[in-house]
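Inspection log for the structure reproduced underneath, given as structure tokens.
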2 protein chains.
Amino acid sequence: MHSPAIVADKYREQGRRLTPQRKLLFALMHGNETHPTAEGLFAVASKRMPGISLRTVYQTLDELSAMGEIQLMHCDGEAVRFDSNVEEHHHAVCAETGELFDVYVDNINSLRAQLPAGFEVENVSIVFHGRLAEKKSKSPARPQTVRAKTTKRAPRRTSRGSNK
Amino acid sequence: MHSPAIVADKYREQGRRLTPQRKLLFALMHGNETHPTAEGLFAVASKRMPGISLRTVYQTLDELSAMGEIQLMHCDGEAVRFDSNVEEHHHAVCAETGELFDVYVDNINSLRAQLPAGFEVENVSIVFHGRLAEKKSKSPARPQTVRAKTTKRAPRRTSRGSNK
DNA sequence: TGCTTATTTGCAAGTCATGCGAACAATGCT
DNA sequence: AGCATTGTTCGCATGACTTGCAAATAAGCA
Ligand SMILES: [Mn+2]
Ligand SMILES: [Mn+2]
Ligand SMILES: [Zn+2]
Ligand SMILES: [Zn+2]
């Protein structure tokens, strides 16, 4: 997502108005790597602007996504998460905490896949499911080859996690 | 998913009862490659057994998933889809029709990904978004290297498709 | 400052899914 | 076969998340 100033310009160019709500949300989403849900962002926004409406948060996030400033992510059965990173990237989900991390994969097109005949791929999304080792040594992300346990995928329970 | 007979045995072993509803649903899910939603399966089941309850369909699908006979799939913002294929595999979604196809990828572990430090991958799910070329020549699926257009991902609209 | 019109907001409504318990029926026993 | 036991089904209420709607509000501009 572009800087709040630039997003503001885009808004003006489109005849949209710059409200305090929007300005706040631009600021909160800019550089936000937490992939928040609407409710999550609403909670944060409410601290700085008590009374802001959840409806407005949804609306603004939808605008930003329509403008290509953010992306929507449907993760499992949970609420939609909003991603301020619109670069081509993928995700890692911690089964422990539910945290979502950005993951860059450089050699996607080396995937050998048996696609249906005539299927034209437009884009690929990869989700790495796993967990963060306890001791969080703050060494930077390092490139690594995936060593997923290629055992039969474990049956997942049906619950839709609630994030209250 | 195992054959209805085998699933029936597993049910008996667990002290569960074999009801006509369950038998029908076993049959409808066995070998089913359409990745139906609960409502979708309910619609089909209702033809053969008018009066069957949607609640029962949900319940039976949950049982089967808890027993590892089927998998749940959360696809975009749509309803959960149930997958009778529990082998390690991935999916291709047609943006046109919403159809979901199974895709086998043999070299997942050759992916070069920059995962968060300390992240231990348990499994990877890949979704190929794209579309089926109109003329459906019925040539079989053939292995192919992915040539996804690596342009910035297109902004997706926010709607949750309704599948009435 | 005042007008026009985009926004915000609260609440209703919608969709998908789960909780609940009374009515029902598969199974096992006599 | 008849009966008791207890797992199931099913309808309805409830819940989580999201969108529709329109009245009240407030940007942007003359
Ligand atoms: Mn959702
Ligand atoms: Mn869902
Ligand atoms: Zn991301
Ligand atoms: Zn599948």
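So you know, we letter chains A, B, ... as the sequences are listed, proteins then strands, and number each from 1.
The two residues B:Ala92 and A:Pro116 come nearest to each other via the heavy atoms CB-CD, 4.2 Å.
Nucleotide C:dA17 holds its C1' atom 17 Å from the CZ atom of B:Arg81, rounded to whole Å. Atom P of nucleotide C:dT15 and atom CG of B:Leu54 are separated by 14 Å, given to the nearest angstrom. Between B:Phe26 atom CZ and D:dT8 atom C1' the separation is 12 Å, expressed in whole Å. If you measure from atom CD of A:Glu13 to atom P of C:dA6, you get 18 Å, rounded to the nearest angstrom. For A:Gln14 and C:dT7, the CD to P distance is 10 Å, given to the nearest whole Å. Distance A:Phe42 CZ to D:dC17 P: 13 Å, rounded to the nearest Å. With rounding to whole Å, B:Arg12 atom CZ is found 13 Å from D:dT8 atom P. If you measure from atom CG of A:Leu41 to atom P of D:dT18, you get 13 Å, rounded to the nearest angstrom.
The CG atom of B:Leu25 sits 8.0 Å away from the CG atom of B:Leu64 when rounded to the nearest 0.5 Å. Rounded to the nearest 0.5 Å, atoms CZ (A:Arg131) and CD (B:Glu122) are 4.5 Å apart. Atom-to-atom distance recorded for B:His2:NE2 and B:Asp9:CG is 11.0 Å, nearest 0.5 angstrom.
Remark: A:Thr19 is not in phosphate contact with D:dA27, judged by side-chain N or O atoms under 4.0 Å from OP1 or OP2. Using a 4.0 Å cut-off, no side-chain N or O of B:Ser53 falls inside it from OP1 or OP2 of D:dT9. Not one side-chain nitrogen or oxygen of A:Gln21 sits closer than 4.0 Å to the OP1 or OP2 atom of D:dA27. Within the structure, every side-chain polar atom (N or O) of B:Arg16 is placed at least 4.0 Å from both OP1 and OP2 of D:dT6.
The aromatic rings of A:His91 and A:His35 sit perpendicular to each other, their planes meeting at more than 60°, with 30° as the lower class boundary. Ring orientation note: the planes of A:Phe119 and B:Phe101 are nearly perpendicular, at an angle over 60° on the 30°/60° scale.
Of the listed nucleotides (C:dT18, C:dA26, C:dT8), C:dT8 has the atom at the smallest distance from the side chain of A:Arg22. Side-chain proximity of A:Arg17 to the nucleotides D:dC10, D:dG28, D:dC17 is greatest for D:dG28. Side-chain atoms of B:Glu39 lie closest to C:dC16 of the nucleotides C:dT9, C:dT4, C:dC16. Closest contact between the side chain of B:Tyr58 and the listed nucleotides C:dA17, C:dA26, C:dG10 involves C:dA17. Which of C:dT8, D:dG28, C:dT27 sits closest to the side chain of B:Leu18 comes down to C:dT27.
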Collect all protein-nucleotide pairs involving nucleotides 20-23 of chain D in which both atoms are nitrogen or oxygen and the distance is under 3.5 Å.
| unit_1 | atom_1 | unit_2 | atom_2 | d |
| --- | --- | --- | --- | --- |
| D:dG20 | N7 | A:Arg55 | NE | 3.4 |
| D:dG20 | N7 | A:Arg55 | NH2 | 3.1 |
| D:dG20 | O6 | A:Arg55 | NE | 2.9 |

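Side-chain N/O atoms of B:His89 and B:Asp83 include a donor and acceptor closer than 3.5 Å.
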